[in-house]
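Both ligands and their constituent atoms are indexed starting at 1 by order of listing. Here the structure is a predicted model, which is why all the values come from computation and not from measurement.
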Amino acid sequence: MKKSEAQQKIKALTKNLQQWNVEYYENDAPSVDDAEYDSALNELKQLETQFPELITPNSPTQRVGGFVAQKFEKYTHRSPMLSLSNAFSKEDLIEFDQQVQKATGKISHDYFVELKIDGLSIALIYENGRLFKAVTRGDGITGEDVTANVKMIKAIPHTIDNLNNGTVEVRGEVYLSKHEFEKINQQRAENDEALFANPRNAAAGTLRQLDARVVESRNLQAFLYFYMNRESKAVPTHADSLNLIEQLGFPINKEGRLCKNIEQVWDYIVEYTESRSKLPYEIDGIVIKINDFNLYEKIGYTSKSPKWAIAFKFPAEIKTTQILDIFPTIGRTGRVTYNAKLEPVQIAGTIVRAATLHNADFIESRDIRIKSQVKIKKAGDIIPEVIGVIQDESFSSLPIWSPATTCPNCSSELERSEGEVDQYCINSKCPSIIMRSLQHFTSRDATNIEGLSIKILEKLYDQGFIKDVADIFTLSQHHQDIIQLDNFGEKSYANLVAAIEKSKNNSCERLLFGLGIRHVGKKTAKILAKNYKSIKNLVKINVDDLAVIYDIGSVVAQSVVDWFAIEENLSVIAKLEALNVNLDYFSNNDTQVHKDFQNKIFVITGTLSKSRNYYRELLENLGARVTDSVSKNTNYLLAGQDSGSKLGKAESLGVKIITEIDLKDLMEEK
Ligand code: IVH
């Protein structure tokens, strides 16, 4: 599309979306359903990706819920969110203790020590017991209003006891567990998306998502550690305030400890320096706080941080090593990732030989060159990261690195669209793309065919036995040829054939995930399978049908439709069917389909006592379908508090409206 055309289109879409926003958020009376809204928003996003220079700060893509300037609305903190000054040694702590003694005139103090959670700080403000605002730290004075996203964090209560009949503010840290972080990155790798460098980045990226449903799916967690209404006589110490925070229903970290002096503080630090790798979340230090609130004002503040607390920071494990080589690899979707081969170096207990350099931008902006000396850090003790180049004497004589222009596997020209950081190999016959797709297809969460390592797949591909994923199911026709291959005896052949046969009877979500449709991860594949019962039913599906399914956004819907529109893909499906590979969904054995729920269409809205995901799973397991928007086909609207426009629409269409209690009653009427 030409730029002038795009500009016209963007203008028209923006105008519509702005009007729909007013209807939805201000007038509570939308004139279009969610699917139409999503599809317009998606079209706008795609045009803006193509022509980033046409993005305006007022674009609906830059706003959450339509009404926020520059992505999220700004919120000025009720009192500044300060940071902590740092200590790096026992001596620094002794000095801190002495300064506290000087300020208070007392020779000993109780300290409360706790873990410094490596997440991002959040302020939660409750008005009359209801969550009113959730705000990021920002610059300490003004943060971003991320209330809609924070409401998706299961551990954060939407209502609390209405203390002091007014405003209660609690601050803490939002974080992702190491396990969740790995899961997200694994999924991103499966979808061939760029990986998050560490749990902190992943948590920050998640909280700043414009789509709150993504937040819901990512299992963010939180620890609260700072009660702002300290004037209350009921909480004279930090330890008491933590008890109160817990009583109010917030998660608190249980590793905290009251220490009588700096020696005990030091013991705690030594203990956790040892055991931090066993914790399920990342910490980057220890926070030491005076326990007695009465001393806070006496000890005072600097402009940036309180003097009654200090953060002991663990030394980051940084090592210097040399880049031996920089090489590109091609993912399943053709995306290029650059990797560095390193002179092996020991960091945080393991030997690091390679590090990802992400994309060409990453390398160029840091001026990383082959043979240069670089500093390496194991980000979050997980992925080795290059943090900088040492520009020593020999550096200037090294040739400047330049990105690959052709695919290392098929030599076709690499593409990089304007405004995109990633380069792509777009040759669908590229052996690397085919190999990665085959590998993905046979992986554990997909068809789970054991015995097809990448080496064996390469051999079978080179010999011409496999050209596409369906050919895997023809391998039993090549008995004699295959057992002649290196490392392949009768026994391994028999095992492989048995594994392939077994995989033919998988429920279809595994196959669907294995096909590698962009944006269709494991969870989406399951949702599609559950709702459409067979891959065959997806062949003729259109975007509008798909987008009404709860949790299927317009981007996913478009991607599925696009995939099934490609002739080659349809012939793979036909080939799979002809080879007796199951294409249908088998619901869980433990699923108890309920006659009153079977094939009924539900919409969920408002604030419920459990997450929407919880109810969606429950209803789907009972045989119902859950969709996103109310229409005349909707059978029930499950409505919680603050139900908004969906409630109005359901009323006007005569859709039955039920509460959580009604739902429970319905389920019991079996
Ligand atoms: S107390 C006045 N306690 O570390 C500041 N902070 O630079 C009170 N953090 O911005 C902060 N775990 O995001 C405190 N147990 C903990 C913490 C913690 C992590 C973060 C917080 C803050 C930064 C301090």
Side-chain angles (χ1 to χ4, degrees), residues 77-88 92-93 96 100 111-124 134-144 146 150 153 155-156 169-177 198-204 206-208 220-230 235 237-246 250-259 265 268-269 271-273 276 279-293 295-297 299-314 316 380:
H77 291 293
R78 295 168 62 247
S79 66
M81 270 181 110
L82 300 175
S83 58
L84 295 172
S85 51
N86 293 326
F88 297 98
D92 289 349
L93 290 178
F96 163 71
V100 170
Y111 287 110
F112 200 93
V113 283
E114 47 195 41
L115 305 181
K116 187 165 185 306
I117 312 295
D118 197 10
L120 56 145
S121 35
I122 194 86
L124 305 175
V135 190
T136 62
R137 181 171 183 278
D139 61 7
I141 305 292
T142 306
E144 287 181 318
V146 288
V150 166
I153 303 176
I156 293 185
E169 181 170 346
V170 185
R171 292 179 180 176
E173 205 81 355
V174 170
Y175 69 96
L176 268 171
S177 70
N198 54 46
R200 207 199 105 78
N201 280 1
T206 303
L207 207 57
R208 303 189 76 256
L220 282 174
Q221 282 164 285
F223 286 128
L224 283 303
Y225 48 68
F226 204 12
Y227 185 67
M228 296 296 290
N229 303 58
R230 284 189 303 275
V235 281
T237 67
H238 181 66
D240 292 321
S241 74
L242 287 178
N243 285 337
L244 177 66
I245 291 174
E246 189 177 25
F250 296 98
I252 62 163
N253 186 280
K254 297 286 194 179
E255 313 287 337
R257 185 183 298 165
L258 195 61
C259 293
V265 169
Y268 181 94
I269 291 175
E271 205 178 308
Y272 280 90
T273 306
R276 72 187 268 225
L279 291 168
Y281 42 81
E282 292 290 342
I283 58 170
D284 61 342
I286 303 292
V287 181
I288 300 113
K289 301 171 181 172
I290 287 283
N291 193 38
D292 185 351
F293 283 158
L295 298 175
Y296 276 22
E297 292 314 312
I299 303 170
Y301 297 80
T302 70
S303 63
K304 288 204 202 101
S305 46
K307 292 189 199 164
W308 41 258
I310 197 161
F312 177 85
K313 295 291 277 278
F314 294 128

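- When all heavy atoms of S85 and A309 are compared, the pair lying nearest together is OG-O, 4.3 Å.
- Residue E114 touches ligand 1 through its side chain alone, judged by heavy-atom distances below 4.0 Å.
- In this structure, Y281 and Y175 have perpendicular ring planes: the angle between them is above 60°, well past the 30° mark.
- The backbone and the side chain of L84 each have at least one atom closer than 4.0 Å to an atom of ligand 1 (non-hydrogen atoms only).
- In this pair, Y296 and F293 present their aromatic rings perpendicular. The plane angle is above 60°, beyond the 30 to 60° band.
- Pairing each heavy atom of I269 with each of L93, the nearest pair is CD1-CD1, 3.5 Å.
- When hydrogens are left out, the protein atom nearest atom 10 (O) of ligand 1 is S121 OG, 3.7 Å; that is the closest non-hydrogen contact.
- The part of K289 lying near ligand 1 is the side chain, judged by heavy-atom distances below 4.0 Å.
- Considering only non-hydrogen atoms, atom 22 (C) of ligand 1 lies nearest to Y225 out of Y225, F226, W308.
- The distance criterion of under 3.5 Å between nitrogen or oxygen atoms is met by I117 with respect to ligand 1.
- Ligand-side atoms of ligand 1 in range of L115: 12 (N), 15 (N), 16 (C), range being under 4.0 angstrom from any heavy atom.
- If you check which protein heavy atom lies closest to atom 20 (C) of ligand 1, you get E173 OE1, 3.5 Å.
- Residue D240 holds its CG atom at 11.5 Å from OH of Y227, rounded to the nearest 0.5 Å.
- A salt bridge is absent between R257 and E255; no separation between the charged side-chain nitrogens and carboxylate oxygens falls under 4.0 Å.
- Contact annotation: P306 has at least one heavy atom less than 4.0 Å from an atom of ligand 1.
- Within ligand 1, the atoms closer than 4.0 Å to a non-hydrogen atom of L82 are 2 (C), 5 (C), numbered from 1 in the order shown.
- The closest protein non-hydrogen atom to atom 23 (C) of ligand 1 is K116 NZ, 3.9 Å.
- Numbered from 1 in the order shown, with element, the atoms of ligand 1 that lie under 4.0 Å from a heavy atom of S83 read 7 (O).
- Residues E114 and Y225 bring no donor and acceptor atom of their side chains to less than 3.5 Å of each other.
- Across all their heavy atoms, S83 and R137 have their closest contact at CB-NH2, 3.6 Å.
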